[in-house]
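These numbers come from a predicted model, not from an experiment. FYI, the numbering just counts along the sequence from 1.
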Amino acid sequence: MTPKVIDCLANVHFGETQNQPTFMKKVRDDYFKGPKSMYDPIDLSELLDEMDTHGVQKAILMDSLAKPSVTARKFVEAHPERFALAMGGVNLLRPIPSLRELAAVAKDLPVAYAVVGPSFWADGQYPPSDAVYYPLYTKCAELELPLCVNTGIPGPPIPGEVQNPIHLDRVCVRFPELKLCMIHGADPWWDIAIRMLIKYQNLRLMTSAWSPKRLPESLLHFMRTRGQAKIIFASDFPVLRMQRVVPEALALDLPPEVLDNYLYNNAAEFFFGEEKEN
């Protein structure tokens, strides 16, 4: 039986950049050992075929206020029932114009969540507990727009300490109305992330950029027990293809209802406001 899946993080914009920056090439070559074609332009029909083959009902495509993705927005326009956007590129040092634009884009386009990577801007100077993020937290809470924050040591050779999930502890305390999701796992701080997930109702974790077969047993145990509504599936396509990660997820030692939550229900509820199917 084909599973029912929402892929909560996919990239179709890589092919818009003719010459990828050095750190992106290092991610491809040194970290993921990916093919040279990883950053080639994405064909819509081929992507839809891969989604259909593996039961992916909807994919959330990365986009940016600072550099809008022509490809992502074209795919959303062509198939709004299959695609939504994840919006990054907020200028946190001069936030008001960016946040006005975020509100406008979220009104006009199907934006599933906003996203920020603490290691990927300002040379990793600002952890998520810093007040520089507070306007973004406030705006997302006002818009009832989920916010995803990179956690775990990043693949590129850039500073990673600011992505320790403990930095979200004060954020969850001060912004309980904010729907917040850790993305790209939490390695090597999985236990901190799990403890945070137990502690805060408004917090989730997405396993984007992680091969399901590499997920730690501590996380799988949490998914089977107290965390059945907390963990969300994603690929990070084309870094990890759907054709690889969906079968790996199906092979995990998880009860059927837990697997359904992981692959579809948790994302449908958290990002799209759907009630869990009985």
Side-chain angles (χ1 to χ4, degrees), residues 1-10 51 54-60 86 112-113 115 146-153 155 163-169 171-172 178-237 239-278:
M1 181 177 177
T2 303
K4 192 174 181 182
V5 181
I6 298 175
D7 188 341
C8 291
L9 199 161
M51 292 170 64
H54 297 285
V56 179
Q57 310 288 308
K58 187 183 288 284
I60 301 175
Y113 60 82
V115 60
L147 176 65
C148 291
V149 179
N150 288 40
T151 47
I153 291 179
Q163 296 192 171
N164 187 325
I166 195 62
H167 293 300
L168 295 173
D169 193 31
V171 178
C172 291
L178 175 64
K179 297 175 70 174
L180 192 62
C181 183
M182 300 175 277
I183 62 173
H184 292 353
D187 191 69
W189 303 297
W190 294 104
D191 289 344
I192 294 174
I194 290 168
R195 186 65 188 88
M196 296 270 289
L197 289 164
I198 293 171
K199 187 178 179 182
Y200 296 112
Q201 285 190 328
N202 60 325
L203 188 62
R204 303 291 187 274
L205 182 142
M206 186 191 298
T207 62
S208 48
W210 271 85
S211 166
K213 69 179 181 181
R214 306 290 185 196
L215 294 173
E217 178 56 33
S218 59
L219 186 74
L220 298 178
H221 174 75
F222 177 66
M223 293 167 70
R224 297 184 200 106
T225 55
R226 298 180 70 175
Q228 295 189 21
K230 289 285 193 171
I231 309 301
I232 292 172
F233 172 81
S235 66
D236 201 23
F237 173 95
V239 178
L240 292 175
R241 301 291 296 241
M242 299 171 193
Q243 63 194 20
R244 172 182 172 180
V245 293
V246 173
E248 285 188 6
L250 293 173
L252 292 173
D253 182 18
L254 296 173
E257 64 274 14
V258 173
L259 188 63
D260 288 344
N261 285 347
Y262 174 48
L263 291 176
Y264 185 88
N265 292 329
N266 292 344
E269 183 275 329
F270 194 71
F271 293 127
F272 298 103
E274 298 179 15
E275 295 185 5
K276 182 177 177 181
E277 295 182 0
N278 295 322

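To the nearest 0.5 Å, atoms CE (M196) and CD1 (I166) are separated by 5.5 Å. We find the CG-OH distance between D7 and Y264 to be 13.5 Å, quoted to the nearest 0.5 Å. Note that the CG atom of L252 and the CG atom of L215 stand 6.5 Å from one another [nearest 0.5 Å]. Distance OH/Y262 to CG/L250: 10.0 Å, rounded to 0.5 Å. Atoms SG and CG, from C181 and L197 in turn, are 8.5 Å apart once rounded to the nearest 0.5 Å. Here the CG-CD1 distance, from L263 to I231, works out to 12.5 Å after rounding to the nearest 0.5 Å.
In this structure, the side chains of M223 and L254 come closer than 4.5 Å at one or more pairs of heavy atoms. Side chains of L203 and M182 form a contact here, defined as non-hydrogen atoms less than 4.5 Å apart. In this structure the side chain of I153 reaches within 4.5 angstrom of the side chain of W189, judged on heavy atoms. For the pair Y200/L168, no side-chain contact is recorded, criterion being any heavy-atom separation below 4.5 Å from C-beta on. Between I198 and F222 the shortest side-chain heavy-atom distance falls below 4.5 Å. Side-chain atoms of K199 and C172, non-hydrogen and from C-beta on, never get closer than 4.5 Å to each other. D260 has its side chain out of reach of K4: every pair of non-hydrogen atoms, C-beta onward, lies at least 4.5 Å apart. The shortest distance between side-chain heavy atoms of L219 and T207 falls below 4.5 Å.
Between Y113 and F271, the ring planes lie tilted relative to each other; the angle falls in the 30° to 60° range.
Relative to the six-membered ring of F272, K58 meets both conditions, a distance below 6.0 Å and an angle of at most 45° to the axis.
In terms of heavy-atom proximity, S208 sits nearest to H184 at OG-ND1, 2.7 Å. Taking both residues in full, the closest heavy atoms of I183 and C148 are given as CG2-CB, 3.5 Å, listed atom of the first, atom of the second, then distance. Counting all heavy atoms, side chain and backbone alike, C8 lies closest to M206 at CB-CE, 3.7 Å. Of all heavy-atom pairs spanning A267 and I232, the tightest one is CB-CG2, 4.0 Å. Between A112 and P146, the shortest heavy-atom distance links the atoms O-CD, 3.5 Å. Across all non-hydrogen atoms, the minimal contact from S218 to W190 is OG-CB, 4.4 Å.
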Would R204 and K230 count as a side-chain contact (heavy atoms from CB on, under 4.5 Å) here? Give the steps. CA-CA 5 Å; R204 303 291 187 274; K230 289 285 193 171; 3.6 Å; yes
Assess whether side-chain contact (heavy atoms from CB on, under 4.5 Å) is satisfied between F237 and V245, documenting all intermediate values. CA-CA 9 Å; F237 173 95; V245 293; over 6 Å; no
Applying side-chain contact (heavy atoms from CB on, under 4.5 Å), run through F233 and V246 and close with a yes or a no. CA-CA 9 Å; F233 172 81; V246 173; 3.9 Å; yes
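Atom CD of E257 has more than 12 heavy atoms from other residues, nucleotides or ligands within 6.0 Å. Within 6.0 Å of the CZ atom in R224, the count of heavy atoms belonging to other residues, nucleotides or ligands exceeds 12.
With respect to P247, the side-chain contact (heavy atoms from CB on, under 4.5 Å) criterion is satisfied by exactly one of K213, M242, H54: H54. Partner L147 forms a side-chain contact (heavy atoms from CB on, under 4.5 Å) with one of V171, L180, V115 and no other, that one being L180.
Side-chain atoms of N266 come within 3.5 Å of backbone atoms of N261 as a donor-acceptor pair (strictly under, hydrogens ignored).
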